[in-house]
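Structure first, commentary second.
Note that this is a predicted model, so its numbers are computed, not measured. In what follows, chains are A, B, ... by sequence order, proteins preceding strands, each numbered from 1.
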Amino acid sequence: MAKVRTRYAPSPTGHLHIGGARTALFSYLWARKNGGSFVVRIEDTDVERNVADAEKKQMEALKWLGIDWDESVDVGGPHAPYRSMERLDLYQTHLDKLLEGGQAYPCYCTQEELDREREKQLAEGVAPKYSGRCRHLSEEEREAFEKEGRVPSIRFRVPEGRTITVRDEVRGEVRFDSDGVGDFIIQRPDGRPTYNFAVVVDDALMEITHVVRAEEHLSNTPRQILLYEALGFEPPVFAHASLILNPDGKKMSKRDESVIQFIDQYRELGYLPESIINFLVLLGWAPEGEKAEEEIFSKEELIDLFSLKRVSKAPAVFDTGKLKWMNNHYIKESSTERITDLAIPHLARAGRISENPTGEELEWVSRLVGLYKEQLDYVAQIVELTEMFFREEARYSGEAKEVLSGEQVPEVVEGFIKQLETFEGALTPGEVKALLKTVQKETGHKGKKLFMPIRAAVTGEVHGPDLRETICLLGKEKVLARLKGFLERRDQILA
RNA sequence: GGCCCGUUGGUGAAGCGGUUAACACACCAGCCUUUCACGCUGGCAUGCAGGGGUUCGAAUCCCCUACGGGUCACCA
């Protein structure tokens with residue numbers, strides 16, 4: 001069997017979408033698993049929709065995910081160029097062959113005429129399909145149209161009565177009747193190819209062996225197979241993965257608010273690339289055998305385990321809760337340094353730390369991150385989670401007020417203030433523990449009666465991470481200020 | 001409307017003719033902990049969209065129905 005070559009061929013019309021990322025991932029894994037090549041090709045023939053930065057952005061997003069390629073616009077390769085609009089002469093050459101063989105013909109219909117035809121068919125409940133009115137134009141008729149100034153598009157002449165079999169790795173053999181497909185346009189009047197033509201020429205010339213893409217392309221595949229045949233190329237093996245649905249079970253639309261849709265956004269929020277990869281691969285794919293009981297996989301494991309045969313035919317629902325869990329899992333596995341580095345820009349942007357933090361600040365942030373790492377679903381969450389640290393005064397929750405209304409509270413708080421004030425030197429969790437122990441001895445209050453009032457008075461909350469470390473990070477001055485502030489304004493706070 | 005594809009718990013899913021229908025997320029209960037989170041333990045589909053077959057035996061094979069989806073563009 002020939003060397004495996006797969007490709008991801010996005011159009012540069014927007015950001016990398018989760019669906020696209022999953023398609024790219026499947027293609028990538030398959031190539032890597034087989035020691036083959038992975039190509040990223042840009043299908044930019046729809047020039048009106050092209051967005052300036054999109055190509056660059058999408059490739060950056062892929063790279064960030066850890067999906068690297070062997071051939072593309074940036075690194076070149078044996079089949080360059082890798083942008084459709086730079087391959088126009090190639091399409092023309094192949095188109096000419098079709099024209100010469102009579103397998104394609106010029107169509108002079110205007111958009112308006114076609115629209116009208118289509119609407120009429122729809123209204124009659126007939127399958128909308130090109131009527132073929134330009135199929136058998138005589139030389140004279142053509143000339144007449146040309147004289148009118150009409151510039152033709154080129155249509156492919158779909159053979160009649162053919163059964164077209166799509167060989168699909170995930171769905172088996174899918175058969176289509178050629179009579180169901182009308183002659184379709186392969187070249188626009190201005191010479192640009194349409195998608196169905198460009199992909200075929202590109203995939204064939206680039207010797208792509210496996211075309212992995214989403215289900216929405218399945219119905220297009222018979223057209224492409226016909227083109228492969230007409231051009232004398234061997235069709236590749238196809239693999240159509242099912243669609244990804246939003247949590248409501250609906251097809252994900254770009255404007256869907258229930259799910260964050262673009263890889264860039266996940267990156268900005270502080271999702272880790274390995275968790276995105278891990279999550280995405282499980283949308284419509286599952287490992288075989290014993291491995292099916294596991295769900296955490298590194299990219300290397302996936303390369304080893306991946307198989308197109310195991311790609312699911314049924315649509316997958318994008319479960320945001322699972323993604324959070326998975327990201328949290330990877331964050332917990334990551335070093336505090338790594339998460340700290342990711343957290344710094346968020347904290348800086350929120351004005352919590354300076355733009356160019358000093359070594360001291362960095363050390364502090366690192367401890368802060370260490371304290372909250374376990375509960376981060378995504379790194380940007382650090383900002384809201386640690387808000388309490390950056391406020392001048394504590395803001396008391398209802399539960400906190402309840403705790404603080406206990407009769408032993410003033411005594412405990414005063415006792416702790418006394419201990420803190422007399423304490424000299426650097427505050428460490430161990431020291432705080434010792435101070436609290438002393439308060440316990442002096443007041444006779446222990447356990448929740450001791451710890452909760454202090455937590456509540458200092459943080460304004462009854463929940464939170466380790467109290468001792470929290471106190472250390474807040475610093476002696478701030479803690480004292482809050483404790484005293486509470487005592488001074490106790491009546492109004494509890495009111 | 002034609003043609004195609006799909007349907008196992010709230011979710012991702014394993015299952016490939018004989019299983020107590022894995023595993024994970026979520027959820028519930030308990031344990032741990034000064035609290036939360038983490039972690040740990042346990043619970044959670046009497047049924048595999050519905051109905052017919054085939055078979056000693058079906059989530060697994062066949063047919064029909066229902067529902068969901070894709071496509072029928074000078075968009076990819």
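- Using C1' as the reference atom, B:G68 and B:G42 are 36 Å apart when rounded to the nearest Å.
- At the heavy-atom level, A:Gln111 lies under 4.0 Å from base atoms of the strands shown.
- Evaluation of the ring pair (Phe, Tyr, Trp, His ring centres under 6.0 Å) rule for A:Tyr28 yields A:Phe38 as partners, not counting sequence neighbours.
- The shortest heavy-atom contact between A:Arg171 and A:Ala241 is NH2-C, 3.8 Å.
- Annotation: A:Tyr271 is not in aromatic contact with A:Tyr330 [ring centroid separation under 6.0 Å not met].
- Going from atom CG of A:Leu243 over to atom P of B:A76 covers 18 Å, rounded to whole Å.
- Computed from coordinates, the A:Trp285 CH2 to B:G15 P distance equals 11 Å when rounded to whole Å.
- Just one residue in the list A:Arg135, A:Arg157, A:Arg155, A:Arg133 forms a side chain to side chain donor-acceptor pair (under 3.5 Å) with A:Asp183, and that residue is A:Arg135.
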Margin query: Please determine whether salt bridge (Lys or Arg N to Asp or Glu O under 4.0 Å) holds for the pair A:Glu119 and A:Arg116, giving the CA-CA distance in whole Å, both sets of side-chain angles, and the decisive distance to 0.1 Å.
Written below: CA-CA 5 Å; A:Glu119 269 166 41; A:Arg116 223 178 306 134; over 6 Å; no

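- A:Tyr228 is linked by a ring pair (Phe, Tyr, Trp, His ring centres under 6.0 Å) to nothing, counting only residues two or more places apart in sequence or in another chain.
- Among the heavy atoms of the strands lying under 4.0 Å from A:Arg175 are primed sugar atoms or P, OP1, OP2 only; no base atom is included.
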Notebook entry, point to check: Using a cut-off of 4.0 Å between protein heavy atoms and nucleotide atoms, how would you tag nucleotides 59-67 of chain B 5' to 3' with B, S and -?
Noted result: ---------

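- Backbone-only engagement by A:Thr45 is indicated by non-hydrogen atom pairs under 4.0 Å involving sugar-phosphate atoms exclusively.
- Listed nucleotides: B:U11, B:C5, B:A76. Nearest to the side chain of A:Asp46: B:A76.
- For the side chain to side chain donor-acceptor pair (under 3.5 Å) condition, the pairs that include at least one residue of residues 306-323 of chain A, sequence neighbours left out, are A:Glu169-A:Lys309.
- Candidate nucleotides B:C36, B:G12, B:C38 were compared by shortest atom distance to the side chain of A:Gln375, and B:C36 ranks first.
- Nearest-nucleotide positions on RNA chain B for A:Lys332 and A:Gly289 put A:Gly289 closer to the 5' end.
- With a 6.0 Å radius and a threshold of 12 heavy atoms from other residues, nucleotides or ligands, A:Glu290 has its CD atom at or below the threshold.
- Judged as a side-chain hydrogen bond (donor to acceptor under 3.5 Å, both in side chains), and not counting sequence neighbours, the contacts of A:Glu229 are A:Arg162.
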Collect all protein-nucleotide pairs involving nucleotides 23-25 of chain B in which both atoms are nitrogen or oxygen and the distance is under 3.5 Å.
from  : atom 1 : to       : atom 2 : distance (Å)
B:C23 : O2'    : A:Glu293 : O      : 2.2
B:A24 : O4'    : A:Glu295 : OE1    : 2.8
B:A24 : O2'    : A:Lys322 : NZ     : 3.4
B:A24 : N3     : A:Lys322 : NZ     : 3.2

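- Straight-line distance between the C1' atoms of B:A22 and B:G39: roughly 23 Å, to the nearest whole Å.
- If you measure from atom CG of A:Asn328 to atom P of B:C38, you get 7 Å, rounded to the nearest angstrom.
- Atom name P, nucleotides B:C25 and B:A37: the rounded distance is 16 Å, in whole Å.
- With P as the reference atom, B:C48 and B:A58 are 12 Å apart, rounded to whole Å.
- B:C31 sits 12 Å from B:C36 when the P atoms are compared, rounded to a whole Å.
- Residue A:Arg310 places at least one side-chain N or O under 4.0 Å from the OP1 or OP2 atom of B:G15.
- The partner of B:C44, taking Watson-Crick or G-U wobble pairs whose two distances both stay under 3.5 Å, does not exist in any strand shown.
- At the heavy-atom level, A:Thr194 lies under 4.0 Å from the strands shown only through sugar-phosphate atoms.
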Next item on the list: Assess whether salt bridge (Lys or Arg N to Asp or Glu O under 4.0 Å) is satisfied between A:Glu274 and A:Arg338, documenting all intermediate values.
Entry: CA-CA 13 Å; A:Glu274 60 268 43; A:Arg338 180 183 180 198; 2.6 Å; yes

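- Using a 4.0 Å heavy-atom cutoff across all strands shown, A:Pro189 reaches at least one base atom of the nucleic acid.
- Of the two residues near RNA chain B, A:Phe318 and A:Glu374, the one whose nearest nucleotide lies more 5' is A:Phe318.
- Residue A:Ile260 comes nearest to A:Ile18 through the heavy atom pair O-CD1, 3.9 Å, listed as atom of the first residue, atom of the second, then distance.
- The separation of B:C16 from B:U8, taken at their C1' atoms, amounts to 14 Å, rounded to a whole angstrom.
- In this view, A:Asp53 satisfies the side-chain hydrogen bond (donor to acceptor under 3.5 Å, both in side chains) rule with no residue, not counting sequence neighbours.
- In this entry B:C74 has no Watson-Crick or G-U wobble partner, no candidate having both defining distances under 3.5 Å.
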Listed pairs under 3.5 Å, donor-acceptor, residues 428-439 of chain A side chains, sequence neighbours left out:
from     : atom 1 : to       : atom 2 : distance (Å)
A:Thr428 : OG1    : A:Gly430 : N      : 3.4
A:Thr428 : OG1    : A:Glu431 : N      : 3.1
A:Thr438 : OG1    : A:Ala434 : O      : 3.0

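- Residues satisfying the ring pair (Phe, Tyr, Trp, His ring centres under 6.0 Å) test with A:Phe184, not counting sequence neighbours, are A:Phe156.
- Across all strands shown, B:C23 forms a Watson-Crick or G-U wobble pair, both distances under 3.5 Å, with B:G12.
- Residues passing the ring pair (Phe, Tyr, Trp, His ring centres under 6.0 Å) test with A:His94, sequence neighbours excluded: A:Phe233.
- Using a 4.0 Å heavy-atom criterion, one finds that A:Phe176 contacts the sugar-phosphate atoms exclusively.
- Contact record, A:Pro159 with A:Leu226: CD-CG, 4.0 Å, taken as the closest heavy-atom pair.
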Item checked: Test log, rule side-chain contact (heavy atoms from CB on, under 4.5 Å), inputs A:Val462 and A:Met452 -> CA-CA 7 Å; A:Val462 295; A:Met452 288 310 276; 3.5 Å; yes

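- Residue-level contact check: A:Glu43 touches the backbone only, with heavy atoms under 4.0 Å from sugar-phosphate atoms and none from bases.
- Heavy-atom distances under 4.0 Å link RNA chain B to A:Lys448, A:Phe451, A:Met452, A:Arg455 of residues 447-456 of chain A, given in residue order.
- B:G6 and B:U60 have their P atoms separated by 15 Å, with the value rounded to a whole Å.
- Pairing for B:U7 is with B:A66, a Watson-Crick or G-U wobble pair whose two hydrogen-bonding atom distances lie under 3.5 Å.
- With C1' as the reference atom, B:G18 and B:C61 are 15 Å apart, rounded to whole Å.
- Contacts of A:Lys446 with the nucleic acid, taken as non-hydrogen atoms under 4.0 Å apart, are absent.
- Within the 4.0 angstrom heavy-atom criterion, base atoms lie near A:Asp466.
- Among the atoms of the strands shown, base atoms are found under 4.0 Å from some heavy atom of A:Val462.
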Between the protein and nucleotides 71-73 of chain B, which nitrogen or oxygen pairs are less than 3.5 angstrom apart?
from  : atom 1 : to       : atom 2 : distance (Å)
B:U71 : O4'    : A:Ser219 : OG     : 3.4
B:C72 : O2'    : A:Pro128 : O      : 2.5
B:A73 : OP1    : A:Arg118 : NH1    : 2.4

